[in-house]
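Encoded as structure tokens, the structure appears first; notes follow it.
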Amino acid sequence: MAGKGIPAEMKLQLASATGKHYELTVKEVYVETDDGDLGVLPGHQPEFYRISAGFVSCRTADGEEVRKLVYNGFVQVEPDFVRIGVQEIYEPGEVDVEAVEREVAELKELLTSLGEEEEARRAEVEAEIARKEKLIRKAR
């Protein structure tokens, strides 16, 4: 039983730029963030994290386990909700690893064609390569 003033459940909102959306009532949420693994229970202190690629797992109010692989976004934690906004949400095993590997190869080729004066663009491409490589590792 939850302590006085601490809720026993919270809302999880998971949405992608591609239109996938989930809203669940949960007892706990686990998120792989860029800063490490995060476990969230109702009443958690407010926090904000970046996600390059990682799994989101939760246990719903009725005991169901839900697990998604997310790519490129953020997680916002409040005492009564967890909001996750990402570029894409995948079911485990859904990522086309070969296609992402081709995208990484194309980005690496682009990187070699950028001049030193294009420092900001180089940084963007390098960051995208790192995110996609992390997605590949998580998807395997």
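Throughout, residue positions are numbered sequentially from 1 according to the sequence presented.
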**Prompt:** Does the side chain to side chain contact (heavy atoms under 4.5 Å, CB included) test come out yes or no for R137 and K134, once each step is laid out?
**Reply:** CA-CA 5 Å; R137 287 191 305 275; K134 187 171 185 180; 3.5 Å; yes
Heavy atoms of G54 and L69 approach each other most closely as O-CD1, 3.4 Å
Are any of the side-chain heavy atoms of E133 and V104 separated by less than 4.5 Å? yes
* Go through the steps to decide whether K138 and E94 satisfy the test salt bridge (Lys or Arg N to Asp or Glu O under 4.0 Å), and finish with yes or no. => CA-CA 11 Å; K138 295 292 180 177; E94 181 183 8; over 6 Å; no
What one should report as the nearest heavy-atom pair of E9 and A61 is OE2-CB, 3.2 Å
Rounded to the nearest 0.5 Å, the NZ atom of K27 sits from the CG atom of D62 at a distance of 9.0 Å
M10 backbone acceptor or donor facing D80 side chain under 3.5 Å: no
Please determine whether a side-chain nitrogen of the Lys or Arg among R122 and E119 lies less than 4.0 Å from a carboxylate oxygen of the Asp or Glu. no
| message | With heavy-atom distances below 4.5 Å as the criterion, would you say the side chains of N72 and E88 are in contact? | response | no
Rounded to the nearest 0.5 angstrom, the CD-CG distance for E103 and L135 is 9.0 Å
Here the gap from L107 atom CG to E124 atom CD, rounded to the nearest 0.5 Å, amounts to 11.5 Å
inquiry  = So V31 and D37, do their side chains get closer than 4.5 Å, heavy atoms only?
reply    = no
Flag the pair H44 / L38 as yes when at least one side-chain heavy-atom distance between them is below 4.5 Å, and no otherwise. yes
- Task: Would you tell me whether D35 and T33 have side-chain atoms, one donor and one acceptor, within less than 3.5 Å of each other?
- Result: no
Problem set entry | Flag, side chain of R67 to backbone of C58, donor-acceptor distance under 3.5 Å | no
4.5 Å side-chain heavy-atom contact, V56 and V75:
no
Here the gap from R131 atom CZ to I136 atom CD1, rounded to the nearest 0.5 Å, amounts to 13.0 Å
Notebook entry, point to check: Does the ring center of Y49 lie less than 6.0 Å from the ring center of F74?
Noted result: no
Minimal heavy-atom distance between A139 and V95, with the atoms involved, is CB-CB, 3.7 Å
- Does a side-chain heavy-atom distance below 4.5 Å link Y71 with K132? yes
**Q.** Under 3.5 Å side-chain donor-acceptor pair for T25 and K11
**A.** yes
Discussion item. Quick check: do K68 and Y22 have side-chain heavy atoms less than 4.5 Å from each other?
Written reply: yes
- Query: Within the distance-only criterion (no hydrogens, no angle test), does the side chain of Q13 pair as donor or acceptor with the backbone N or O of E23 below 3.5 angstrom?
  - Reply: no
Flag side-chain contact, heavy atom, 4.5 Å: R59 against V29 = no
